Amino acid sequence: MFPAVSHTLRRLPLLHWLLLLLQALERGLGRASPAGAPLEDVVIERYHIPRACPREVQMGDFVRYHYNGTFEDGKKFDSSYDRSTLAAIVVGVGRLITGMDRGLMGMCVNERRRLIVPPHLGYGSIGVAGLIPPDATLYFDVVLLDVWNKADTVQVSILLRPPHCLRMVQDSDFVRYHYNGTLLDGTAFDSSYSRDGTYDTYVGSGWLIKGMDQGLLGMCPGERRKIIIPPFLAYGEKGYGTVIPSQASLVFHVLLIDVHNPKDTVQVETLELPLGCVRKAAAGDFMRYHYNGSLMDGTLFDSSYSRNHTYNTYVGQGYIIPGMDQGLQGACIGEHRRITVPPHLGYGENGTGDKIPGSAVLIFNVHIIDFHNPADPVQIETLSRPPETCNETTKPGDFIRYHYNCSLLDGTKLFSSHDYGDPQEATLGANKVIEGLDTGLQGMCVGERRQLIVPPHLAHGESGARGVPGSAVLLFEVELVSREDGLPTGYLFVWHQDPPTNLFEDMDLNKNGEVPLEEFSSFLKAQVNEGKGRLLPGQDPEKIIGDMFKNQDRNQDGKITAEELKLKSDEDQERVHEEL
């Protein structure tokens, strides 16, 4: 440090002036005024000027700098480097020798200057005993490392702001951010990146230095800022350990990862709402949905799409994090939602796995595929009915033919009878189709069209089926093409009237006392053609007749005798007597 020494520049005899002039000429150029006279002011050589100079030293600024001080012959008389301590002082208020005060004016941080200070702007004719002789010209090599003023405030420069700002930091918020911390000259003193973890803290609660508390206010997640903090809003005179010196300005390059407040609730934003939402998800419903899960800065941590499978769960039953439990309720099938979950309703302070850090705000972009309740029945909506009067409707046991289109509730097509050309055939109540479809096809008129919504417990259940995801709600559009009365359970053929009195004799066409398969088949077909009876509909007639023949051919010798032939009604009656 250089104490100011007051002095008066006395007039010198002409001879002395001449001697001084000769000495100056011997020393070489640059150490005298252009006229060859003794230096009247400080000579400043700016031999390194940084490209960016956001601020220049002004009178009253506090500066920190390194210097080497030498005499004309190069002999060193002082150096801040030797003390490993920067010179730190206010400029322009008489605390420095006048030459240094003037030489520092207008300097930029990291600028290097060579100063030549004439005696009358240094220590004059008195000097400093034992250190600086009288009338000594002083040479200084100076590098400026810091500058600030008591009137300074925190300087904030927004380097990058995301196009959509979900929320700005306010006092009492909890933030997670990355930072690189440097001194004003660029010397690094700390970085969250080196610890592979964000810095997590409350804002405006005294947990941070005041300047950082101020500099973070108004930031958006994903925003990058440069924050310059004067020392009186940082670590002041004490500094911090060995990395932040006394009275140091600090520069932080900050990336805000996320922000929340302990009072926050789940935020739900509807991105797309389908038309005609007649039902909204409620607690107890089972839901299938797709999602992309990301942190507040956009970092993706999970996606159901990457697994090509929906996430299936009960809502409001504690199977998922509380924030998602809340955020899914009230949703419509087909809706797109953005659900923002604060950490106290997510994974808390500990986070989970290696992708969701502690105290992380989670953002889910959700597409609701479908939902149902285990108590749901089949939903039936009649789309159209034939104009003529319908006297008979479908019932269990009926054989029907119908067309159908089957899809998921999100519109994904699964199956269609139109792809095969012919209508689908089924016997109602015979467990030939899924329970919900069987129910939805009952009570229909020929020509009627219906829409059926079948919950999974009445369809293919949790396991699904080929082409049908597990726990999927199915949407059917069905049209009844035809209906035939069915047969009683266990019957393959019924008479429309009383059977012939001498059934075996009528069946024994060649009257040889035996009825082979050919005679049996010919007889039954004739009864059907004459309208006297009918076979079980929806089955291959030849197979039905063959099965009936095997049932009557008790000894399996390929022919039926009068003793073997029995009507099913007689067989049923005999069975009742046996049970009695």
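No experiment lies behind these values; they were computed from the predicted model shown. Just the heavy atoms: all of them, side chains too, but no hydrogens, waters or symmetry mates, feed the values below.
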- prompt: Is Glu519 paired with Lys511 through a side-chain N to carboxylate O contact shorter than 4.0 Å?
  reply: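 Looking at Glu519 together with Lys511, the answer is no, because their closest N to O distance does not fall below 4.0 Å.
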
Is there side-chain contact between [X] and [Y], with heavy atoms separated by less than 4.5 Å?
X: Thr201; Y: Val175; value: yes
X: Tyr402; Y: Leu437; value: yes
X: Asn373; Y: Arg279; value: yes
X: Leu295; Y: Asp258; value: no
X: Ser304; Y: Thr310; value: no
X: Tyr291; Y: Asp302; value: yes

Any sub-3.5 Å donor-acceptor pair from [X]'s side-chain atoms to [Y]'s backbone N or O?
X: Arg225; Y: Val156; result: no
X: His372; Y: Val454; result: no
X: Ser482; Y: Ile400; result: no
X: Arg385; Y: Cys390; result: no

Between [X] and [Y], what is the shortest heavy-atom contact and its length?
X: Gly204; Y: Asp213; result: N-OD1, 2.7 Å
X: Thr439; Y: Ile380; result: O-CD1, 4.4 Å
X: Ser172; Y: Asn261; result: OG-ND2, 3.0 Å
X: Phe493; Y: Val528; result: CE1-CG2, 4.0 Å
X: Leu535; Y: Pro541; result: CD1-CB, 3.9 Å
X: Asp398; Y: Asp485; result: OD1-CA, 3.6 Å

- prompt: With His178, which residues qualify under ring-ring contact (aromatic ring centres under 6.0 Å, His included), at least two apart?
  reply: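 For His178, the residues satisfying ring-ring contact (aromatic ring centres under 6.0 Å, His included) (neighbours in sequence not counted) are Tyr193.
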
- prompt: Are Tyr314 and Phe371 close enough that their ring centres sit under 6.0 Å apart?
  reply: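 Ring centres of Phe371 and Tyr314 not closer than 6.0 Å.
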
- request: Please round to the nearest 0.5 Å and tell me the distance separating atom NE2 of His253 and atom CZ of Arg224.
  value: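 Between His253 NE2 and Arg224 CZ, I get 10.0 Å after rounding to 0.5 Å.
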
- prompt: Rounded to the nearest 0.5 Å, what separation is found between the CZ atom of Phe252 and the CG atom of Asn180?
  reply: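 Between atom CZ of Phe252 and atom CG of Asn180 there are 10.5 Å.
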
Could you check whether the rings of [X] and [Y] sit parallel, tilted or perpendicular, using 30° and 60° as the cut-offs?
X: Tyr404; Y: Phe476; answer: tilted
X: Tyr311; Y: Tyr289; answer: tilted
X: His344; Y: His260; answer: tilted

Residue pair Asp190, Arg195: steps toward the salt bridge (charged side-chain N to carboxylate O under 4.0 Å, His left out) verdict: CA-CA 10 Å; Asp190 193 17; Arg195 294 187 293 275; 2.8 Å; yes

- prompt: Does CH2 in Trp495 sit with more than 12 non-hydrogen atoms of other residues, nucleotides or ligands closer than 6.0 Å?
  reply: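 Enclosed.
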
message: If we count only N and O atoms by modelled type, under 3.5 Å, do the side chains of Asp325 and Gln329 hold a donor and an acceptor together?
response: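 On atom types as modelled, these side chains do not qualify, holding no pair under 3.5 Å.
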
